[in-house]
Amino acid sequence: MKSDCMQTIICQERKKDPIEMFHSGQLVKVCAPMVRYSKLAFRTLVRKYSCDLCYTPMIVAADFVKSIKARDSEFTTNQGDCPLIVQFAANDARLLSDAARIVCPYANGIDINCGCPQRWAMAEGYGACLINKPELVRDMVKQVRNQVETPGFSVSIKIRIHDDLKRTVDLCRKAEATGVSWITVHGRTAEERHQPVHYDSIKIIKENMSIPVIANGDIRSLKEAENVWHITGTDGVMVARGLLANPAMFAGYEETPLKCIWDWVDIALELGTPYMCFHQHLMYMMEKITSRQEKRVFNALSSTSAIIDYLTDHYGI
């Protein structure tokens, strides 16, 4: 676990309490947890472009608690990285609460991943299989609540929906009764991948809840985000791939502006982002603004200096 001046990392933006943001009546724009991608450098970038709340990538709580190496590699933050939610994959209440206690001085809350549909996660008892284990979810939330006494520290869950929506509504009601701060709903079942998102189901879930609900799934522009917010009646929207392709999306840009690309270069270099991650983000960002031939050349670049030379030569900045 790394930070700039870790001992004094108390978040300068902690006053931006996510719960207060959700009750503001304004659209709360959220960067999703993305394995390998929603790390500190990318969170820093999207915050420059009107993102209100960021999640870390999913971190396996058991590894995080047991391994210093895992903590150092999986969780990096700094004073400007707020408000921040740390997402954990967990199937054990004690380990999750131990992980929450470790990160609580450096984050606004934790989120329990109850939505990842990948086979490895479900085989380990993480992710979307938890939507069928409401008692375990309840126990994990209660344990964190009992062990972390920091005022305002949130405990949220991110879920997928059931084929029988009544089961999802029941799960959400039980989670609310247990003390969950808010719920993010990805509007697909665990089996669905590229099928249309069931925004009507998210709307029904929101209508049955008193706590905030965030809508998630296939949002690619600010206009789409506002539309989903209105049709679902939710308190915010969470975006993953749309932000990868255009980190300035929440600021209203239809495609990644050149300034955003150069902001990424500056931030990534300043924070020491590994080359593979640095390059991959640029490939996503430049997808819409480069030709097929340009992509072939750019994607084959193999050093940071080559990338900077390419950007300078082609975009004259």
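Small disclaimer: the values here were computed from a predicted structure and weren't measured.
Taken together through direct or relayed side-chain contacts under 4.5 Å among Ile, Leu, Val, Met, Phe, Trp and Tyr, V103 and M140 form part of one hydrophobic cluster. Cluster membership for V137 and V86, using ILVMFWY side-chain heavy atoms within less than 4.5 angstrom, is shared. One hydrophobic cluster, built from ILVMFWY side chains closer than 4.5 Å, holds both L130 and L171. Both L84 and M34 belong to a common hydrophobic cluster when Ile, Leu, Val, Met, Phe, Trp and Tyr are linked at side-chain heavy-atom distances under 4.5 angstrom. Connection of I159 to V155 is established within a shared hydrophobic cluster, with ILVMFWY side chains joined at heavy-atom distances below 4.5 Å, either directly or through further cluster members.
Annotation for I211 and V180: closest pair CD1-O, 3.6 Å, computed over non-hydrogen atoms. Contact record, V35 with P57: CA-CB, 3.9 Å, taken as the closest heavy-atom pair. Here the closest heavy-atom approach between residue M21 and residue P83 is recorded as SD-CG, 4.1 Å. Contact record, T56 with Q87: OG1-N, 3.1 Å, taken as the closest heavy-atom pair. Nearest heavy atom pair, residue Y49 against residue L45, reads CD1-O, 3.4 Å. Across all their heavy atoms, A99 and V65 have their closest contact at N-CG2, 3.5 Å.
Remark: D52 does not engage R47 in a salt bridge, criterion side-chain N to carboxylate O under 4.0 Å. For the pair D263 and K259, the salt-bridge criterion is met [side-chain N within less than 4.0 Å of a carboxylate O]. Using a cut-off of 4.0 Å between Lys/Arg side-chain N and Asp/Glu carboxylate O, D63 and R71 are scored as not salt-bridged. A salt bridge links D81 with R43: the closest approach of a Lys/Arg side-chain nitrogen to an acidic carboxylate oxygen falls below 4.0 angstrom.
With a 4.5 Å cut-off on side-chain heavy atoms, S305 and I308 do not count as touching. R36 is not listed as a side-chain neighbour of P274, based on a closest heavy-atom distance of 4.5 Å or more. In this structure, K206 and T232 have side chains that are not in contact, with every pair of non-hydrogen atoms separated by 4.5 Å or more. Looking at W182 and I157, their side chains never come closer than 4.5 Å, going by heavy atoms from C-beta outward. A 4.5 Å side-chain heavy-atom check between T168 and I131 finds every atom pair outside the cut-off. Residues I85 and I110 fail the side-chain proximity criterion, which asks for heavy atoms closer than 4.5 Å. Side-chain contact check for M285 versus P247: some heavy-atom pair is nearer than 4.5 Å. Two residues are said to be in side-chain contact when any heavy atoms from C-beta on lie closer than 4.5 Å; I214 and T234 fail this criterion.
No side-chain donor-acceptor contact under 3.5 Å links H194 and D218. Side-chain contact of R167 with N132: a donor-acceptor pair under 3.5 Å is present, judged by distance alone.
Residue R119 qualifies as open at atom CZ: its count of foreign heavy atoms under 6.0 Å is 12 or below. By the neighbour-count criterion of 12 heavy atoms within 6.0 Å, atom CZ of R101 is sparsely surrounded, having that number or fewer from other residues, nucleotides or ligands. By the 6.0 Å contact criterion, OH on Y199 is enclosed, its count of non-hydrogen atoms from other residues, nucleotides or ligands being greater than 12. Counted within 6.0 Å of CD on E254, heavy atoms from surrounding residues, nucleotides or ligands total 12 or fewer; the atom is thus considered open. Within a 6.0 Å radius of NZ in K295, more than 12 heavy atoms belonging to other residues, nucleotides or ligands are found.
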Trace of the side-chain hydrogen bond (donor to acceptor under 3.5 Å, both in side chains) decision for D111 with S156: CA-CA 5 Å; D111 183 82; S156 56; 2.7 Å; yes
Derivation of the salt bridge (charged side-chain N to carboxylate O under 4.0 Å, His left out) call for D170 and K174: CA-CA 6 Å; D170 182 62; K174 287 177 177 175; 3.2 Å; yes
Verdict with supporting geometry, T44 and L271, side chain to side chain contact (heavy atoms under 4.5 Å, CB included): CA-CA 10 Å; T44 303; L271 294 176; 4.1 Å; yes
Verdict with supporting geometry, R188 and S201, side-chain hydrogen bond (donor to acceptor under 3.5 Å, both in side chains): CA-CA 9 Å; R188 292 187 177 97; S201 297; over 6 Å; no
Y126 and F88: CA distance, side-chain angles, deciding distance, side chain to side chain contact (heavy atoms under 4.5 Å, CB included) verdict: CA-CA 9 Å; Y126 307 140; F88 285 111; over 6 Å; no
Intermediate values then yes/no, side chain to side chain contact (heavy atoms under 4.5 Å, CB included), H281 and L244: CA-CA 7 Å; H281 273 293; L244 279 181; 3.6 Å; yes
Derivation and outcome, side chain to side chain contact (heavy atoms under 4.5 Å, CB included), residues F42 and C31: CA-CA 10 Å; F42 188 70; C31 175; 4.1 Å; yes
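For the pair N208 (side chain) and V169 (backbone), a donor-acceptor distance under 3.5 Å is absent. The backbone N or O of F64 sits nowhere less than 3.5 Å from a side-chain atom of S67 that would complete a donor-acceptor pair. Looking only at distances, a side-chain donor or acceptor of S221 sits under 3.5 Å from a matching main-chain atom of E224. No donor-acceptor pair under 3.5 Å is formed between the side chain of E176 and the backbone N or O of C172. A donor-acceptor pair is defined here as one N or O able to donate and one able to accept, closer than 3.5 Å; such a pair exists between the side chain of E294 and the backbone of S291. Remark: the backbone N or O of R138 is not paired with any side-chain donor or acceptor of T178 at under 3.5 angstrom. At distances below 3.5 Å, at least one donor-acceptor pair connects side-chain atoms of Q195 with backbone N or O atoms of R193. Between the side chain of R160 and the backbone N or O of T189, at least one donor-acceptor pair lies under 3.5 Å.
Ring centers of Y37 and Y284: under 6.0 Å apart, within the cut-off. Checked against a 6.0 Å centroid threshold, the rings of H279 and F298 count as neighbours.
Atom-to-atom distance recorded for S97:OG and D139:CG is 11.5 Å, nearest 0.5 angstrom. Rounding to the nearest 0.5 Å places CD1 of I183 at 13.0 Å from NZ of K158. Atom NE2 of residue H198 and atom CG of residue D200 lie 7.5 Å apart, to the nearest 0.5 angstrom. For the atom pair OG1 of T256 and CH2 of W264, the computed distance is 12.0 Å after rounding to the nearest 0.5 Å. Taking CG of D17 as the start and NE2 of H23 as the end, the distance is 10.0 Å to the nearest 0.5 Å. Summarising the geometry, atom CD1 belonging to I204 is positioned 14.0 Å from atom CE belonging to M209; distances are rounded to the nearest 0.5 Å.
Between Y310 and Y315, the ring-plane angle classifies as perpendicular under the 30° and 60° cut-offs.
Each of V239, L27, V46 was checked for a side chain to side chain contact (heavy atoms under 4.5 Å, CB included) with F250, and the lone residue meeting it is V239.
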